[in-house]
Amino acid sequence: MNVFTHPPHLRQYLSKIRAANKTIGFVPTMGALHEGHRALVDRAEADTDVVVMSIFVNPTQFNNTADLERYPRNVQADIAFIGAKKNNIVVFAPHVKTIYGSNVVPKDYDFGSLSQTMEGKHRPGHFNGVGTIVSILLKTVVPDRAYFGEKDFQQLQIVKKLVRSERLPVTIVGVPTVRETNGLALSSRNQRLSAEQRREAAFIFKTLKEVKLKFRAKSIPKLHRYVAAAFKDHPFLRLEYFEIANEKTLKTAHRKHKKTPYRAFIVAHAGNVRLIDNLAL
Ligand code: AMP
């Protein structure tokens with residue numbers, strides 16, 4: 001497996017791949033890899049000849065310094081996890097200074113309604129950071145296809161919009177969420193959960209599934225009351241937000257309209273670990 005830290009070296013390598021008429025898939029990650037990331041790589045390997053996986057903990061998308069500092073980092077373990085012997089996979093693990101120089105600030109984006117709710121509202125500046133790094137990485141790698149998880153559904157929609165507005169010649173592919181057998185969405189942050197918290201955190205997906213079951217019969221305000229009550233006395237989880245949104249615009253839904261696709265979103269905290277999940281309704 002080739003590992004690059006400098007963009008010019010990566011570009012030089014990829015220009016040879018392109019000259020040989022091979023296609024390039026791209027999987028951006030922040031490392032601490034798990035089976036969710038592997039699903040993105042598997043999909044990219046199935047679709048394209050060479051897969052570039054970036055491992056970069058992007059400081060500009062963290063609105064909370066403690067969260068950035070606590071974020072797990074181990075590039076060698078990540079390389080071993082993906083398979084050090086694989087020669088169709090390339091890792092790009094740049095340093096913060098290489099990407100940002102001494103000016104670690106995001107660009108200012110206008111993602112319209114897509115960034116006004118949920119993560120956009122609860123993590124101010126987060127999507128400017130995401131837009132900044134995804135744009136830099138896509139312009140460095142210039143892949144044919146790039147893969148993003150539906151676990152971060154709002155991010156997936158924002159990346160699609162970014163690519164349209166910057167006219168980047170890449171197809172964005174969404175990949176379904178990979179879960180533990182108890183339903184908990186895999187996340188790098190799960191490493192920080194105790195065994196008990198990990199068991200109890202399955203409650204998030206269980207609640208989303210209940211909402212899906214009730215969605216036809218119950219009004220949206222009733223569903224909000226149901227979820228608030230379900231979390232109220234939970235001994236291990238604190239609800240940050242529950243939202244039902246139009247899947248396309250991500251605008252908050254207050255009432256149901258026929259033929260509109262909806263999705264339910266939950267963010268909850270187990271101790272100081274922030275957990276995110278969503279489900280199509
Ligand atoms: P991260 O390293 O958390 O920034 O995630 C890198 C990519 O992996 C993003 O596109 C995520 O949406 C995706 N991802 C993270 N967890 C999962 C999961 N459990 N299932 C599918 N994709 C995931």
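Residue numbers start at 1 and run along the sequence shown. Atoms within a ligand are numbered from 1 in the order they appear, just like the ligands themselves.
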Exactly one candidate in K121, E119, H122 meets side chain to side chain donor-acceptor pair (under 3.5 Å) with Y241; the answer is E119
So which protein residues pack against ligand 1 under 4.0 Å, heavy atoms counted? P28, T29, M30, H34, G36, H37, L40, Y71, F148, G149, K151, D152, Q155, P176, T177, V178, L186
Any chance the side chains of T23 and D49 put a donor and an acceptor closer than 3.5 Å? yes
Hey, could you give me the OG1/OH distance between T171 and Y147, rounded to the nearest 0.5 Å? 8.5 Å
Option from F242, F203, Y226 for which side chain to side chain contact (heavy atoms under 4.5 Å, CB included) with F231 holds: F203
If you measure from CG on L14 to CZ on F4, what distance do you get to the nearest 0.5 Å? 7.0 Å
Do R189 and Y71 have side chains that get closer than 4.5 Å, going by heavy atoms? yes
